[in-house]
Protein chains: 2
Amino acid sequence: MAVHNHHEHAGASLAHAAESALVNAGEQWTDMRADIFAVLATFEKPASAYDIADLVSQRRGKRVAPNSVYRILDLFVTTNLARRVESANAYLANSHPGCLHDCIFLICDSCGTATHIDDDTLTMNVRAAAEHAGFAEVRPVIEVRGKCADCG
Amino acid sequence: MAVHNHHEHAGASLAHAAESALVNAGEQWTDMRADIFAVLATFEKPASAYDIADLVSQRRGKRVAPNSVYRILDLFVTTNLARRVESANAYLANSHPGCLHDCIFLICDSCGTATHIDDDTLTMNVRAAAEHAGFAEVRPVIEVRGKCADCG
DNA sequence: CGGTTGACGTTACAACATTACATCGCAGAA
DNA sequence: TTCTGCGATGTAATGTTGTAACGTCAACCG
Ligand SMILES: [Zn+2]
Ligand SMILES: [Zn+2]
Ligand SMILES: [Zn+2]
Ligand SMILES: [Zn+2]
């Protein structure tokens, strides 16, 4: 497995890293964005936009429409603060914002929790295969569904 | 790239291969299933269950509910006659039913067409990485979004 | 001050997917 | 034959995910 240097953040450290990354990207770190990121970061499992909308609504004492959540999640995804898990129609906070690479997500069909592994050799091979087939601006989606160790 | 022996089917040959594969799996090849497979096989791009429902409805002169389509698509996926493209919420006919392996799909963000490549070394590496992380009964989802050669 | 811009709110709707239950036709048992 | 079980499909309702269009507001800049 390829070695890869980066920090895995958690809690306040993660929120701070996210803020820095967003500001570095020339975007604002608003209260709404902070709340959405905070809620997203509490999840072990990929969170749907609607899940997030509900929790953010509670936290703010005022309904936040899914619409608004989607807008901000899209921003987070494009700025690498969050990842979309395609096979779950849901989102995860990126535990290492600012570190650009393709993650491989493992999602348990049984308990729903997601873990992520990094293997740059593997993901580069996927990119290379796609480019060899004439694709450009490739964005690999590598997810593995299965049964996690706990649910084994 | 790993060598891989199998036939890529198309047209009547594909329908016939699908029928054989389904029957071999102990399932029935009904009119409804034949129609849904036929419609699915006409698509270049991943087809949504609703797309298929519409076309099958036309072909039969009678409304076929999405529900029924989903049932049969699920059957097709479990018997390897079709694949679900997670990043598109849609389905593709499997051009080589009966041949078991993990496909890598390339989906053009611009025109929507999907091609598929096979690289058993690559997919086995993905499986191995997931299993190394404690996952079992793994089902890799490897898709690449990007811009196809035509849209380049 | 007026004009522009970015963030967010509000409403409505479109697209994707599942659940529960009904019906139909056929094969085998009574 | 009649009954019965079963797999396939029909029907209706509902749940979940995602977008479009447009309005409001505050910050900022001439
Ligand atoms: Zn990393
Ligand atoms: Zn699990
Ligand atoms: Zn193959
Ligand atoms: Zn294209």
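Just so it is clear: chains get the letters A, B, ... in the order the sequence lines come, proteins before strands, and each one is counted from 1.
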What is the distance, rounded to the nearest whole Å, between atom [atom1] of [X] and atom [atom2] of [N]?
X       : N      : atom1 : atom2 : answer
B:Asp74 : C:dA17 : CG    : C1'   : 10 Å
B:Glu86 : D:dG18 : CD    : C1'   : 16 Å
B:Ile52 : D:dT9  : CD1   : P     : 15 Å
B:Glu27 : D:dC6  : CD    : P     : 16 Å
B:Tyr91 : C:dC16 : OH    : P     : 11 Å
B:Lys62 : C:dC24 : NZ    : P     : 11 Å
B:Asp54 : C:dA15 : CG    : P     : 10 Å

### Query
Is B:Asn67 side chain donor-acceptor paired with the D:dT11 base, going by distance under 3.5 Å alone?
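Side chain to base: pair found, below 3.5 Å.
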### Task
Establish whether the base of D:dG15 is bridged to the side chain of A:Tyr50 by a donor-acceptor pair shorter than 3.5 Å.
no
Tell me whether the OP1 or OP2 atom of [N] has a side-chain N or O from [X] closer than 4.0 Å.
X       : N      : answer
B:Ser48 : C:dA15 : no
B:Arg84 : C:dC16 : no
B:Gln28 : D:dA8  : yes
B:Ser68 : D:dG10 : yes

### Task
Mind telling me whether A:His96 and A:His101 have parallel, tilted or perpendicular rings, with 30° and 60° as the class edges?
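Geometry flag for A:His96 against A:His101: tilted rings.
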Please check this pair: side chain of [X] against backbone of [Y], looking for a donor-acceptor N/O pair closer than 3.5 Å.
X        : Y        : answer
A:Ser48  : A:Ala90  : no
A:Lys45  : A:Cys108 : no
B:Asn94  : B:Asn80  : yes
A:Arg145 : A:Ser87  : yes

### Query
Looking at DNA chain D, which of residues 31-41 of chain B put a heavy atom within less than 4.0 Å of it?
B:Met32, B:Arg33
### Query
Of the nucleotides C:dT11, D:dT11, C:dC8, which one has an atom closest to the side chain of A:Ala65?
C:dT11
### Query
In terms of side-chain heavy atoms of B:Tyr70, which of C:dT18, D:dA8, D:dG10 is nearest?
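So the side chain of B:Tyr70 is nearest to C:dT18.
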#### Entry: Shortest non-hydrogen contact between B:Asp74 and B:Tyr91, atoms and distance
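In terms of heavy atoms, the two residues are closest at OD1-OH, 4.2 Å.
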### Query
Tell me, do A:Asp102 and A:Pro140 make a side-chain contact under 4.5 Å, heavy atoms counted?
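In contact.
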### Query
Are A:Ser57 and A:Val64 close enough that some pair of their side-chain heavy atoms sits under 4.5 Å apart?
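Sidechains of A:Val64 and A:Ser57: in contact.
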### Task
Sugar-phosphate means primed atoms, P, OP1 and OP2; the rest is base. With that split, encode nucleotides 23-29 of chain D 5' to 3' as B, S or - using protein heavy atoms under 4.0 Å.
-------
### Of B:Ile72 and A:Asn89, the one whose closest DNA chain D nucleotide lies more 5'
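By nearest-heavy-atom nucleotide position, the 5'-most residue is B:Ile72.
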### Message
Test question: given the 4.5 Å side-chain rule for I, L, V, M, F, W and Y, name all other residues clustered with A:Phe105, or answer none.
### Response
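Via sub-4.5 Å side-chain contacts, A:Phe105 links to A:Val85, A:Leu92, A:Ile107.
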### Message
Need to verify one output field. Residue with the more 5' nearest nucleotide on DNA chain C, A:Arg63 or A:Thr30?
### Response
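On the 5' side of the pair lies A:Thr30.
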### Message
Mind checking if B:Arg60 touches a base, just sugar-phosphate, or nothing, with heavy atoms under 4.0 Å?
### Response
nothing
### Query
Between B:Arg84 and B:Glu86, is there a side-chain N and carboxylate O pair less than 4.0 Å apart?
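Salt bridge flag = yes for B:Glu86 with B:Arg84.
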